[in-house]
Amino acid sequence: MSILAEKRVLLVIGGGIAAYKSLDLIRRLRERGASVRCVLTQGAQEFVTPLAAASLSGQRAHTDLFDRADEADIGHIKLARDADAVVVAPATANIMARMAGGHAPDLASTVLLATTLPILIAPAMNVRMWLHPATQRSLTLLKSDGVAVVGPGVGRMAEAETGPGRMTEPDEIADALEALLAGRDGGKPLAGRHLLVTSGPTHEPIDPVRYLANRSSGKQGHAIAAAAAAAGARVTLVSGPVTLPDPPGVTVVRIETAREMLAAVEAALPADIAVFAAAVADWRPATLTDEKIKKGPEGPPPLALTENPDILATIARRTADRPPLVVGFAAETTDVIAHARAKIARKGCDLIVANDVSAASGVMGGDRNTVHLIGRDGSLETWPTLAKDAVARRLVARLAEMTATP
Ligand code: C5P
């Protein structure tokens, strides 16, 4: 059952083209058992009508701060209190700036200023508006005020521009709200557990200045570490070289090579759950020279490779302190599912998260991911394309279910 069951959500709809998706969001939230009450800004009403919001939510939609009927009926202070969470979708640059500055010229912003409830915003705006320093300043202020943020996604926008600014899809907003409330409810499904995650690429030195590497950004692994920490786990993240910030509340061990990663993983045991999301280099140069290899008349030096340890297989085969749940990733460019099925047996893990990393998929380094979950018993589950942090939250929820003590 969703944590949203029986929860009351106040949905503030801002004035942007993405407002039409908020109508779908009402439906998605209600499907998960929440009741939804809507407040529309004046701008929002240019895109969707209060009647549509009211019909879908089954409750009157609110629009005016000085509507006498409204104030007698519920009032802006009561609106700000009579709910379990507030969602702002789409959160326009204007709403974000008002929230960050504490301005309250209309009903939506007054409610947002008066509320002490958890707030989740789903920004949506033109790329340039999103990237403008003023909006980024608002975002920083809102985050430091404890406002949760989902998105925006990257993609084609209404104005035929491409970049960050698209509102996150309604199902993912609902997932993010679940995660927010799960955290606030003390419903920390991984409390007391130790989760070990590997993330990022490894660098395998050829000489003091050159190395072999791959295109992994670490985004998926880091998002899993963050989601697990938000779910109450003690998290050790063993990370190869990445440019991402450390996820909050996570112990990060930085390594460069596969052999260092294996040593760091072994040192972090025991763990209740181990998730191997790193793109470990399969091979390393067989010899490492202390001096930079010089270019010379003899032409390019031969590059002999030797196999790296398979960290996932090594840990999955340990006897004394094998983590009870070992999860591997399978990054494939063809026959994703068939390869993943073979891999689960070969590696000895309990679950494989398989994804297509062919150049056309845009997964490597991108923000979105389409994954298949393959179990030891051959079971297959395909998830819709989601933002990497949404994949992480879903996966963490699944791992919590799989390790729940009855
Ligand atoms: O064999 P392949 O590299 O496709 O397997 C992918 C899975 O194995 C991932 O979970 C990855 O983190 C893990 N792996 C590992 N050590 C290696 C190679 C892969 O832990 N040397």
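Quantities reported herein were computed from a predicted structural model and do not represent experimental measurements. Both counts, for ligands and for their atoms, begin at 1 and track the order of listing.
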Listing request: all salt bridge (charged side-chain N to carboxylate O under 4.0 Å, His left out) pairs with a residue in residues 315-337, at least two apart in sequence or in separate chains. Glu266-Arg318, Arg318-Asp321, Arg322-Asp350, Glu332-Lys343

Heavy atoms of other groups near Arg259 CZ, more than 12 under 6.0 Å: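 Counting other residues, nucleotides and ligands, CZ of Arg259 stays at 12 neighbours or fewer.
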
Apply the test side chain to side chain donor-acceptor pair (under 3.5 Å) to residues Asp377 and Ser379: give CA-CA distance (whole Å), side-chain angles for both, the deciding distance (0.1 Å), then the verdict. CA-CA 6 Å; Asp377 55 1; Ser379 60; 2.8 Å; yes

Run the side-chain donor-acceptor check on residues 132-151: report pairs under 3.5 Å with partners two or more places apart or on a different chain.
{"from": "His132", "atom 1": "ND1", "to": "Ala134", "atom 2": "N", "distance (Å)": "2.9"}
{"from": "Thr135", "atom 1": "OG1", "to": "Met129", "atom 2": "O", "distance (Å)": "2.7"}
{"from": "Gln136", "atom 1": "NE2", "to": "Trp130", "atom 2": "O", "distance (Å)": "2.6"}
{"from": "Ser138", "atom 1": "OG", "to": "Ala134", "atom 2": "O", "distance (Å)": "3.1"}
{"from": "Thr140", "atom 1": "OG1", "to": "Gln136", "atom 2": "O", "distance (Å)": "2.9"}
{"from": "Ser144", "atom 1": "OG", "to": "Thr140", "atom 2": "O", "distance (Å)": "3.4"}
{"from": "Ser144", "atom 1": "OG", "to": "Leu141", "atom 2": "O", "distance (Å)": "2.9"}

Donor + acceptor pair across side chains of Arg81, Thr115 (<3.5 Å): no

Side-chain donor-acceptor pairs of residues 283-307 under 3.5 Å, sequence neighbours excluded:
{"from": "Arg284", "atom 1": "NH1", "to": "Glu307", "atom 2": "O", "distance (Å)": "3.2"}
{"from": "Arg284", "atom 1": "NH1", "to": "Asn308", "atom 2": "OD1", "distance (Å)": "2.9"}
{"from": "Thr289", "atom 1": "OG1", "to": "Glu291", "atom 2": "O", "distance (Å)": "3.1"}

Tell me the residues surrounding ligand 1, counting only those with a heavy atom closer than 4.0 angstrom, sorted by chain and number. Phe276, Ala278, Val280, Asp282, Pro309, Asp310, Ile311, Leu312, Gly328, Phe329, Lys343, Lys347

